[in-house]
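Numbering of residues begins at 1 and proceeds along the displayed sequence. These figures come from a predicted structure and were not determined experimentally. In each ligand, atom 1 is the first atom listed, and ligand 1 is the first ligand listed.
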Amino acid sequence: MTAPIVPATDTAISRAVEILAGGGLVSMPTETVYGLACDAANPKAVAQLYAAKGRPIFNPLIAHVADQAMAAREGVFNTEALALAASGWPGPLTLVTPFAATGTVCDLARAGLPSIALRVPGHPIAHALLESFRRPLVAPSANPSGKISPTTAQHVASDMGDKLDLILDGGPCRIGVESTIVSCLQDPPVILRHGAFDASAYQTGAPNEEKPLAPGGMSRHYAPNATLRLNVTAPISGDAYLGFGPVDAPRGRVTANLSETGDLVEAAANLFAILRKLDRTWARIAVAPIPMSGLGLAINDRLARAAKRD
Ligand code: TXA
Ligand code: MG
């Protein structure tokens, strides 16, 4: 049976809280992507969530909380972490901190790590759900592990509708790429994943295949069925050409455009929906160059992993 998609009325939020309290799975919109949420303190629910996503259990989840007070029960915040939280929450920022002695998020959700990833989402529906539930919700993106993330309720329904109990509809996600992850386990903090929170004051954590800083950050991800080529200025016959900005290609050769005006914010918001659409009819997708600045870092990161073959 496919989970119903419901507008996030007060009644629907109460229903979602009941489902979560009973160990069920609910998809909630956030400003980045749709999440697949369950009670972070319930190992049985978390095990079901890993199974529903087909996610390896060594890849820990982000615990979503309503506010800094709830975050402070789960994580240990040093001065840097407090400053980052103050500037980025609520919003598209996830902070990795040491796990607090008072923390309630179960071991399985943290993949047994002594640290925890925490986020206060800015989306009103996610916020309302967290306020009503009053405990942390772990929520990975609501897609099968390794596939393209969902930015609409319909994406969630078509990818995993039969594996969850309820989908709260919040329309298309405003940002469209996952949160920036900053690890505060070292001084100074390091960026583990680029996103819409501007963390350019910090360095990107050195990739280390032996011991990845963000365990889910290394492998092929966001993967369409089509093969993807990046930084293509001259598409060849049989390619879907995904443009960015005013593309100088022969008429009719641009299949879709992330942003005709070259706006990176618009491009990020369109990215996953357009990839899904092209993937339905094309076997090869060639993507125009995207500048490596601002949100372009996050877009290029997602595209590079989507293009990876292993
Ligand atoms: O925007 C987002 O962050 C979305 C929405 C739903 O909130 N969530 C999301 O979750 O992208 P997910 O599970 O797809 O990505 C979580 C990332 C993974 O790469 C994981 O390895 C990393 O966070 N992570 C979780 N706990 C960690 C920890 N203790 N240390 C380092 N990385 C961690
Ligand atoms: Mg994901």
### Task
Determine, considering heavy atoms only, which of T180, I181, L113, I175 sits nearest to atom 22 (C) of ligand 1.
I181
### Query
Short N/O distance, under 3.5 Å, between Y34 and ligand 1?
no
### Task
Not counting sequence neighbours, list each pair that qualifies as a salt bridge (charged side-chain N to carboxylate O under 4.0 Å, His left out) and has a residue in residues 149-168.
D159-R276
### Message
Under 2.8 Å from the Mg ion (ligand 2), is there any N, O or S atom belonging to N143?
### Response
no
### Message
Same cluster or not: I167 versus L49, using hydrophobic residues (I, L, V, M, F, W, Y) connected whenever any side-chain heavy atoms lie under 4.5 Å apart?
### Response
yes
### Query
For R55, is the nearest heavy atom under 4.0 Å from an atom of ligand 1?
yes
### Electrostatic pair R193-D301, nearest N-O below 4.0 angstrom
no
### Message
So L275 and R302, do their side chains get closer than 4.5 Å, heavy atoms only?
### Response
no
### Query
Taking a hydrophobic cluster as the set of Ile, Leu, Val, Met, Phe, Trp and Tyr residues connected by side-chain heavy atoms closer than 4.5 Å, whether directly or through intermediates, do L130 and V138 fall within one such cluster?
no
### Query
Is R119 in polar range of ligand 1, meaning some N or O pair under 3.5 Å apart?
yes
### Best match, S183, A117, S141: closest heavy atom to atom 14 (O) of ligand 1
S141
### Query
Stepwise, does the side chain to side chain contact (heavy atoms under 4.5 Å, CB included) test hold for H123 with R174?
CA-CA 9 Å; H123 196 291; R174 183 172 58 81; over 6 Å; no
### Message
When you compare ligand 1 with E178, is there at least one nitrogen or oxygen pair between them that comes in under 3.5 angstrom?
### Response
no
### Message
So for atom CD1, which belongs to I57, do other residues, nucleotides or ligands contribute more than 12 heavy atoms lying within a distance under 6.0 Å?
### Response
no
### Task
May I have the step-by-step check of side-chain hydrogen bond (donor to acceptor under 3.5 Å, both in side chains) for D263 and T261, ending in yes or no?
CA-CA 6 Å; D263 176 355; T261 59; 5.0 Å; no
### Query
Is N59 close to ligand 1, meaning an N/O of one under 3.5 Å from an N/O of the other?
yes
### Query
Are any of the heavy atoms in M28 under 4.0 Å away from ligand 1?
no
### Message
Taking 4.0 Å as the limit for heavy-atom contacts, which would you say applies to R193 with ligand 1: side chain only, backbone only, both, or neither?
### Response
side chain
### Query
Do E178 and S149 pass the side-chain hydrogen bond (donor to acceptor under 3.5 Å, both in side chains) test, and can you show the C-alpha distance, the side-chain angles, and the key distance before you say yes or no?
CA-CA 8 Å; E178 297 83 349; S149 299; 2.4 Å; yes
### Numbered atoms of ligand 1 (with element) below 4.0 Å of S179, judged on heavy atoms
1 (O), 2 (C), 3 (O)
### Query
Which of the atoms of ligand 1 are close to G35, meaning less than 4.0 Å from one of its heavy atoms?
6 (C)
### Message
Taking 4.0 Å as the limit for heavy-atom contacts, which would you say applies to A139 with ligand 1: side chain only, backbone only, both, or neither?
### Response
backbone
